[in-house]
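Only this structure's heavy atoms are used, side chains among them; waters, hydrogens and symmetry mates stay out. Every number for a ligand or one of its atoms is a count from 1 in the order of the listing. All residue numbers refer to positions in the sequence shown, counting from 1. Keep in mind that this is a model prediction, so the values were computed, not measured.
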Amino acid sequence: MALPGVFITGTDTEIGKTAVTAALLRDYAARGVDAVGMKPIAAGADETPDGWRNEDALALQAASMPGVAYEDINPWCLPLPIAPEFAARSAGVTLSWPPVRDAYARLRAGAQRVLVEGAGGWRLPLSAGAEMPDWVEAAGWPVVLVVGMRLGCLNHALLSAESIARRAPLLGWIANTLPPVQRRLEENLDCLRARMPVPCLGQLGCGQQRLATNLLDDALFCFARESSHRIQSAADSMERICPEPRRGTLPESI
Ligand SMILES: Nc1ncnc2c1ncn2[C@@H]1O[C@H](COP(=O)(O)OP(=O)(O)OP(=O)(O)O)[C@@H](O)[C@H]1O
Ligand SMILES: C[C@H](N)[C@H](N)CCCCCC(=O)O
Ligand SMILES: [Mg+2]
(Lines give C-alpha, C1' and ligand atoms only; values in the text may rest on other atoms or scores of the structure.)
(Ligands and ions follow the chains in the order given, each with its own letter.)
Protein backbone atom coordinates (compact mmCIF):
# COMPACT_ATOMS: atom_id res chain seq x y z
CA MET A 1 0.00 0.00 0.00
CA ALA A 2 1.47 3.39 -1.01
CA LEU A 3 1.38 5.56 2.08
CA PRO A 4 1.06 9.34 1.84
CA GLY A 5 3.50 11.64 3.56
CA VAL A 6 2.53 12.83 7.03
CA PHE A 7 2.53 16.57 7.69
CA ILE A 8 3.92 17.43 11.13
CA THR A 9 2.61 20.76 12.37
CA GLY A 10 2.75 22.34 15.81
CA THR A 11 0.97 24.60 18.24
CA ASP A 12 3.64 27.24 17.63
CA THR A 13 7.18 27.82 16.45
CA GLU A 14 10.00 26.49 18.64
CA ILE A 15 7.81 23.90 20.37
CA GLY A 16 9.48 20.74 19.15
CA LYS A 17 8.30 19.86 15.61
CA THR A 18 11.88 19.10 14.57
CA ALA A 19 12.71 17.28 17.81
CA VAL A 20 9.61 15.08 17.44
CA THR A 21 10.05 14.48 13.69
CA ALA A 22 13.71 13.51 14.13
CA ALA A 23 12.82 11.22 17.05
CA LEU A 24 10.19 9.49 14.89
CA LEU A 25 12.67 9.11 12.03
CA ARG A 26 15.21 7.54 14.38
CA ASP A 27 12.62 5.02 15.55
CA TYR A 28 11.72 4.12 11.97
CA ALA A 29 15.41 3.57 11.25
CA ALA A 30 15.71 1.32 14.31
CA ARG A 31 12.74 -0.69 12.99
CA GLY A 32 14.38 -1.02 9.56
CA VAL A 33 11.83 1.24 7.88
CA ASP A 34 13.24 3.54 5.17
CA ALA A 35 12.02 6.93 6.30
CA VAL A 36 12.93 10.46 5.30
CA GLY A 37 12.17 13.87 6.76
CA MET A 38 11.26 16.88 4.66
CA LYS A 39 11.31 20.59 5.53
CA PRO A 40 9.62 22.25 2.54
CA ILE A 41 10.18 25.75 3.85
CA ALA A 42 12.95 26.79 6.22
CA ALA A 43 13.56 30.34 7.42
CA GLY A 44 16.91 30.93 9.03
CA ALA A 45 19.98 29.54 7.28
CA ASP A 46 23.76 29.64 7.19
CA GLU A 47 25.74 30.07 3.96
CA THR A 48 28.07 27.10 3.37
CA PRO A 49 30.27 25.99 0.43
CA ASP A 50 27.36 23.70 -0.56
CA GLY A 51 24.85 26.56 -0.42
CA TRP A 52 22.38 27.81 2.23
CA ARG A 53 21.70 25.28 4.97
CA ASN A 54 19.02 25.30 7.71
CA GLU A 55 19.55 23.53 11.02
CA ASP A 56 16.10 21.87 11.07
CA ALA A 57 16.58 20.43 7.58
CA LEU A 58 20.07 19.22 8.49
CA ALA A 59 18.69 17.57 11.63
CA LEU A 60 16.02 15.81 9.57
CA GLN A 61 18.59 14.76 6.97
CA ALA A 62 20.81 13.33 9.73
CA ALA A 63 17.88 11.31 11.14
CA SER A 64 16.70 10.13 7.69
CA MET A 65 17.72 7.11 5.63
CA PRO A 66 21.12 7.76 4.00
CA GLY A 67 21.71 9.23 0.55
CA VAL A 68 18.94 11.83 0.41
CA ALA A 69 19.82 15.12 -1.29
CA TYR A 70 19.53 18.23 0.90
CA GLU A 71 17.76 20.07 -1.94
CA ASP A 72 14.95 17.51 -1.89
CA ILE A 73 14.62 17.75 1.89
CA ASN A 74 14.51 21.54 1.86
CA PRO A 75 13.39 23.05 -1.46
CA TRP A 76 12.87 26.54 -0.01
CA CYS A 77 15.80 27.59 2.20
CA LEU A 78 15.53 31.25 3.22
CA PRO A 79 18.37 33.11 4.98
CA LEU A 80 16.42 35.24 7.45
CA PRO A 81 15.01 33.63 10.64
CA ILE A 82 11.66 35.41 10.36
CA ALA A 83 8.17 34.61 9.02
CA PRO A 84 8.80 32.76 5.71
CA GLU A 85 6.60 35.13 3.69
CA PHE A 86 8.81 38.05 4.71
CA ALA A 87 12.02 36.02 4.46
CA ALA A 88 11.04 35.13 0.88
CA ARG A 89 10.36 38.78 0.10
CA SER A 90 13.80 39.73 1.42
CA ALA A 91 15.34 36.98 -0.69
CA GLY A 92 13.49 38.24 -3.78
CA VAL A 93 11.51 35.02 -4.29
CA THR A 94 7.84 33.97 -4.01
CA LEU A 95 7.14 30.67 -2.27
CA SER A 96 5.41 28.32 -4.73
CA TRP A 97 4.14 24.74 -4.60
CA PRO A 98 5.73 23.07 -7.71
CA PRO A 99 9.30 22.80 -6.33
CA VAL A 100 7.89 21.23 -3.13
CA ARG A 101 5.59 18.90 -5.08
CA ASP A 102 8.49 17.66 -7.26
CA ALA A 103 10.92 17.23 -4.36
CA TYR A 104 8.30 15.34 -2.36
CA ALA A 105 7.63 13.02 -5.30
CA ARG A 106 11.33 12.13 -5.46
CA LEU A 107 11.49 11.50 -1.70
CA ARG A 108 8.35 9.39 -1.71
CA ALA A 109 9.64 7.29 -4.61
CA GLY A 110 12.63 6.23 -2.55
CA ALA A 111 11.23 5.85 0.96
CA GLN A 112 8.56 3.92 2.84
CA ARG A 113 7.64 6.92 5.05
CA VAL A 114 7.97 10.65 4.49
CA LEU A 115 7.52 12.98 7.47
CA VAL A 116 7.00 16.58 6.32
CA GLU A 117 7.74 19.25 8.93
CA GLY A 118 5.87 22.53 8.59
CA ALA A 119 7.16 25.92 9.69
CA GLY A 120 5.78 27.80 12.66
CA GLY A 121 2.18 26.78 13.28
CA TRP A 122 -0.65 25.43 11.14
CA ARG A 123 -1.94 28.57 9.45
CA LEU A 124 1.41 29.82 8.20
CA PRO A 125 1.03 32.56 5.58
CA LEU A 126 3.16 31.83 2.49
CA SER A 127 2.33 34.70 0.13
CA ALA A 128 -0.47 37.19 -0.51
CA GLY A 129 -2.91 34.48 -1.53
CA ALA A 130 -1.63 31.29 0.05
CA GLU A 131 -1.15 29.60 3.41
CA MET A 132 0.53 26.31 4.27
CA PRO A 133 -2.82 24.43 4.57
CA ASP A 134 -3.31 25.03 0.81
CA TRP A 135 -0.20 22.95 0.12
CA VAL A 136 -1.14 20.29 2.65
CA GLU A 137 -4.58 19.93 1.03
CA ALA A 138 -3.04 19.84 -2.48
CA ALA A 139 -0.65 17.09 -1.42
CA GLY A 140 -3.33 15.05 0.37
CA TRP A 141 -1.12 14.79 3.46
CA PRO A 142 -2.78 13.71 6.71
CA VAL A 143 -1.62 15.76 9.69
CA VAL A 144 -0.09 15.15 13.11
CA LEU A 145 -0.12 18.03 15.60
CA VAL A 146 2.84 18.44 17.95
CA VAL A 147 1.74 20.08 21.21
CA GLY A 148 4.50 21.88 23.07
CA MET A 149 3.61 21.19 26.71
CA ARG A 150 3.89 24.65 28.19
CA LEU A 151 1.39 27.04 29.78
CA GLY A 152 -1.04 28.08 27.03
CA CYS A 153 -0.86 24.80 25.13
CA LEU A 154 -4.44 23.75 25.96
CA ASN A 155 -5.94 26.59 23.98
CA HIS A 156 -3.38 26.38 21.15
CA ALA A 157 -3.89 22.63 20.79
CA LEU A 158 -7.69 22.78 20.70
CA LEU A 159 -7.75 25.75 18.28
CA SER A 160 -5.16 24.13 16.01
CA ALA A 161 -7.06 20.83 15.93
CA GLU A 162 -10.27 22.66 15.04
CA SER A 163 -8.58 24.56 12.21
CA ILE A 164 -6.70 21.55 10.82
CA ALA A 165 -9.86 19.43 10.67
CA ARG A 166 -11.43 21.97 8.30
CA ARG A 167 -8.71 21.38 5.67
CA ALA A 168 -7.05 18.01 6.20
CA PRO A 169 -7.37 14.67 8.02
CA LEU A 170 -5.92 14.98 11.53
CA LEU A 171 -4.39 11.62 12.53
CA GLY A 172 -3.51 12.51 16.10
CA TRP A 173 -1.37 14.64 18.35
CA ILE A 174 2.01 14.13 20.02
CA ALA A 175 2.93 15.74 23.34
CA ASN A 176 6.38 17.26 23.50
CA THR A 177 7.71 17.94 27.00
CA LEU A 178 9.96 20.94 26.53
CA PRO A 179 12.27 22.11 29.26
CA PRO A 180 11.47 23.51 31.76
CA VAL A 181 8.79 20.86 32.42
CA GLN A 182 5.51 22.68 33.01
CA ARG A 183 3.73 22.54 36.37
CA ARG A 184 0.94 19.91 36.70
CA LEU A 185 2.11 18.24 33.46
CA GLU A 186 0.01 15.11 33.97
CA GLU A 187 -3.16 17.14 34.49
CA ASN A 188 -2.45 19.08 31.28
CA LEU A 189 -1.92 15.80 29.40
CA ASP A 190 -5.12 14.31 30.85
CA CYS A 191 -7.06 17.44 29.88
CA LEU A 192 -5.89 17.16 26.26
CA ARG A 193 -6.49 13.40 26.14
CA ALA A 194 -10.08 14.12 27.19
CA ARG A 195 -10.73 17.12 24.95
CA MET A 196 -8.74 16.58 21.75
CA PRO A 197 -10.82 15.05 18.88
CA VAL A 198 -8.05 12.60 17.96
CA PRO A 199 -5.81 10.25 19.96
CA CYS A 200 -2.43 10.99 21.46
CA LEU A 201 0.17 9.12 19.36
CA GLY A 202 3.02 9.50 21.80
CA GLN A 203 4.97 11.73 24.16
CA LEU A 204 8.53 12.90 23.71
CA GLY A 205 10.11 13.43 27.10
CA CYS A 206 12.63 16.02 28.14
CA GLY A 207 15.91 15.35 26.35
CA GLN A 208 14.69 12.06 24.85
CA GLN A 209 15.93 11.04 21.40
CA ARG A 210 13.49 8.31 20.39
CA LEU A 211 9.71 8.21 20.03
CA ALA A 212 7.82 5.00 19.22
CA THR A 213 6.24 5.05 15.75
CA ASN A 214 3.77 2.19 16.22
CA LEU A 215 0.75 4.35 17.10
CA LEU A 216 1.56 6.72 14.21
CA ASP A 217 1.79 3.74 11.84
CA ASP A 218 -1.54 2.36 13.10
CA ALA A 219 -3.23 5.70 12.39
CA LEU A 220 -1.50 6.13 9.02
CA PHE A 221 -2.37 2.64 7.74
CA CYS A 222 -5.95 3.07 8.90
CA PHE A 223 -6.16 6.40 7.04
CA ALA A 224 -4.63 4.89 3.87
CA ARG A 225 -7.06 1.93 3.93
CA GLU A 226 -10.07 4.22 4.41
CA SER A 227 -8.85 6.49 1.59
CA SER A 228 -8.43 3.58 -0.83
CA HIS A 229 -11.88 2.27 0.11
CA ARG A 230 -13.38 5.72 -0.58
CA ILE A 231 -11.63 5.87 -3.97
CA GLN A 232 -12.76 2.34 -4.85
CA SER A 233 -16.37 2.96 -3.80
CA ALA A 234 -16.41 6.20 -5.84
CA ALA A 235 -15.12 4.24 -8.84
CA ASP A 236 -17.75 1.55 -8.26
CA SER A 237 -20.48 4.18 -8.07
CA MET A 238 -19.27 5.74 -11.31
CA GLU A 239 -19.29 2.30 -12.91
CA ARG A 240 -22.90 1.80 -11.83
CA ILE A 241 -23.96 5.28 -13.03
CA CYS A 242 -22.18 5.21 -16.39
CA PRO A 243 -20.78 1.76 -17.19
CA GLU A 244 -18.08 1.55 -19.88
CA PRO A 245 -19.86 0.93 -23.24
CA ARG A 246 -19.34 -2.67 -24.36
CA ARG A 247 -17.32 -2.86 -27.60
CA GLY A 248 -19.56 -2.84 -30.72
CA THR A 249 -22.52 -1.17 -28.99
CA LEU A 250 -22.78 2.60 -29.41
CA PRO A 251 -25.13 4.57 -27.15
CA GLU A 252 -28.31 5.63 -29.05
CA SER A 253 -27.41 9.32 -28.63
CA ILE A 254 -24.48 9.09 -31.13
N1 LIG B 1 11.60 17.18 24.25
C2 LIG B 1 12.62 18.08 24.25
N3 LIG B 1 13.61 17.98 25.16
C4 LIG B 1 14.63 18.89 25.17
N5 LIG B 1 14.74 19.93 24.32
C6 LIG B 1 13.74 20.05 23.38
C7 LIG B 1 12.65 19.15 23.30
N8 LIG B 1 11.84 19.54 22.27
C9 LIG B 1 12.41 20.64 21.75
N10 LIG B 1 13.55 20.95 22.39
C11 LIG B 1 14.44 22.09 22.08
O12 LIG B 1 13.62 23.25 21.93
C13 LIG B 1 14.07 24.04 20.81
C14 LIG B 1 12.94 24.13 19.78
O15 LIG B 1 12.66 22.82 19.31
P16 LIG B 1 12.44 22.58 17.74
O17 LIG B 1 13.54 23.18 16.96
O18 LIG B 1 12.19 21.12 17.54
O19 LIG B 1 11.12 23.44 17.51
P20 LIG B 1 10.30 23.61 16.16
O21 LIG B 1 8.86 23.59 16.49
O22 LIG B 1 10.77 22.62 15.15
O23 LIG B 1 10.72 25.09 15.71
P24 LIG B 1 10.51 25.77 14.24
O25 LIG B 1 9.14 26.35 14.24
O26 LIG B 1 11.59 26.81 14.18
O27 LIG B 1 10.71 24.70 13.22
C28 LIG B 1 15.31 23.33 20.27
O29 LIG B 1 16.47 23.91 20.87
C30 LIG B 1 15.14 21.91 20.75
O31 LIG B 1 16.39 21.23 20.91
C1 LIG C 1 12.24 31.37 12.08
C2 LIG C 1 11.47 30.38 12.96
N3 LIG C 1 12.44 29.52 13.62
C4 LIG C 1 10.53 29.53 12.14
N5 LIG C 1 11.31 28.71 11.21
C6 LIG C 1 9.49 30.30 11.38
C7 LIG C 1 8.41 30.79 12.29
C8 LIG C 1 7.30 31.48 11.53
C9 LIG C 1 6.25 32.09 12.46
C10 LIG C 1 5.22 32.87 11.71
C11 LIG C 1 4.17 33.42 12.68
O12 LIG C 1 4.41 34.49 13.31
O13 LIG C 1 3.15 32.71 12.91
MG1 LIG D 1 11.65 22.93 13.34
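Remark: atom 13 (O) of ligand 2 lies closer than 4.0 Å to no protein heavy atom. The nearest protein heavy atom to atom 5 (N) of ligand 2 is closer than 4.0 Å.
Distances shorter than 4.0 angstrom occur between a heavy atom of P81 and an atom of ligand 2.
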Show the distances, to 0.1 Å, for all pairs joining an N/O atom of ligand 1 and a protein N/O atom that are shorter than 3.5 Å, listing one pair per line.
| residue | atom | partner | partner atom | Å |
| --- | --- | --- | --- | --- |
| ligand 1 | 1 (N) | N176 | OD1 | 2.9 |
| ligand 1 | 1 (N) | T177 | O | 3.4 |
| ligand 1 | 1 (N) | G205 | O | 2.9 |
| ligand 1 | 3 (N) | G207 | N | 2.8 |
| ligand 1 | 8 (N) | N176 | ND2 | 2.9 |
| ligand 1 | 18 (O) | T18 | N | 3.2 |
| ligand 1 | 18 (O) | A19 | N | 2.9 |
| ligand 1 | 19 (O) | G16 | N | 3.0 |
| ligand 1 | 21 (O) | E14 | N | 3.4 |
| ligand 1 | 21 (O) | I15 | N | 3.1 |
| ligand 1 | 21 (O) | G16 | N | 3.1 |
| ligand 1 | 21 (O) | K17 | N | 3.0 |
| ligand 1 | 21 (O) | K17 | NZ | 2.9 |
| ligand 1 | 22 (O) | K17 | N | 3.4 |
| ligand 1 | 22 (O) | T18 | N | 2.9 |
| ligand 1 | 22 (O) | T18 | OG1 | 2.9 |
| ligand 1 | 22 (O) | E117 | OE2 | 3.1 |
| ligand 1 | 23 (O) | E14 | N | 3.0 |
| ligand 1 | 25 (O) | T13 | OG1 | 2.7 |
| ligand 1 | 25 (O) | E14 | N | 3.3 |
| ligand 1 | 25 (O) | K17 | NZ | 2.7 |
| ligand 1 | 26 (O) | T13 | OG1 | 3.4 |
| ligand 1 | 26 (O) | E14 | OE2 | 3.1 |
| ligand 1 | 27 (O) | K39 | NZ | 3.2 |
| ligand 1 | 27 (O) | D56 | OD2 | 2.8 |
| ligand 1 | 27 (O) | E117 | OE2 | 3.0 |

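Within ligand 2, counting atoms from 1 as listed, the ones closer than 4.0 Å to a heavy atom of L124 are 8 (C), 10 (C). Residue-ligand proximity, A43 to ligand 2, at heavy-atom distances under 4.0 Å covers atoms 1 (C), 5 (N).
The existence of a salt bridge linking R210 and D27 is confirmed by a sub-4.0 Å separation between a basic side-chain nitrogen and an acidic carboxylate oxygen.
For atom 3 (N) of ligand 2, the closest heavy atom belonging to the protein is E14 OE2, 3.7 Å. Looking only at protein heavy atoms, the nearest one to atom 7 (C) of ligand 2 is T13 OG1, 3.7 Å.
For the pair L60/M38, no side-chain contact is recorded, criterion being any heavy-atom separation below 4.5 Å from C-beta on.
For the Mg ion (ligand 3), protein N, O or S atoms under 2.8 Å: 3 in total.
Between W135 and F7, the ring center distance fails the sub-6.0 Å criterion.
Only one option out of T18, T21, N74 pairs with D56 in a side chain to side chain contact (heavy atoms under 4.5 Å, CB included); it is T18. When each of L58, V68, N54 is paired with I73, the side chain to side chain contact (heavy atoms under 4.5 Å, CB included) condition holds for V68 and for no other.
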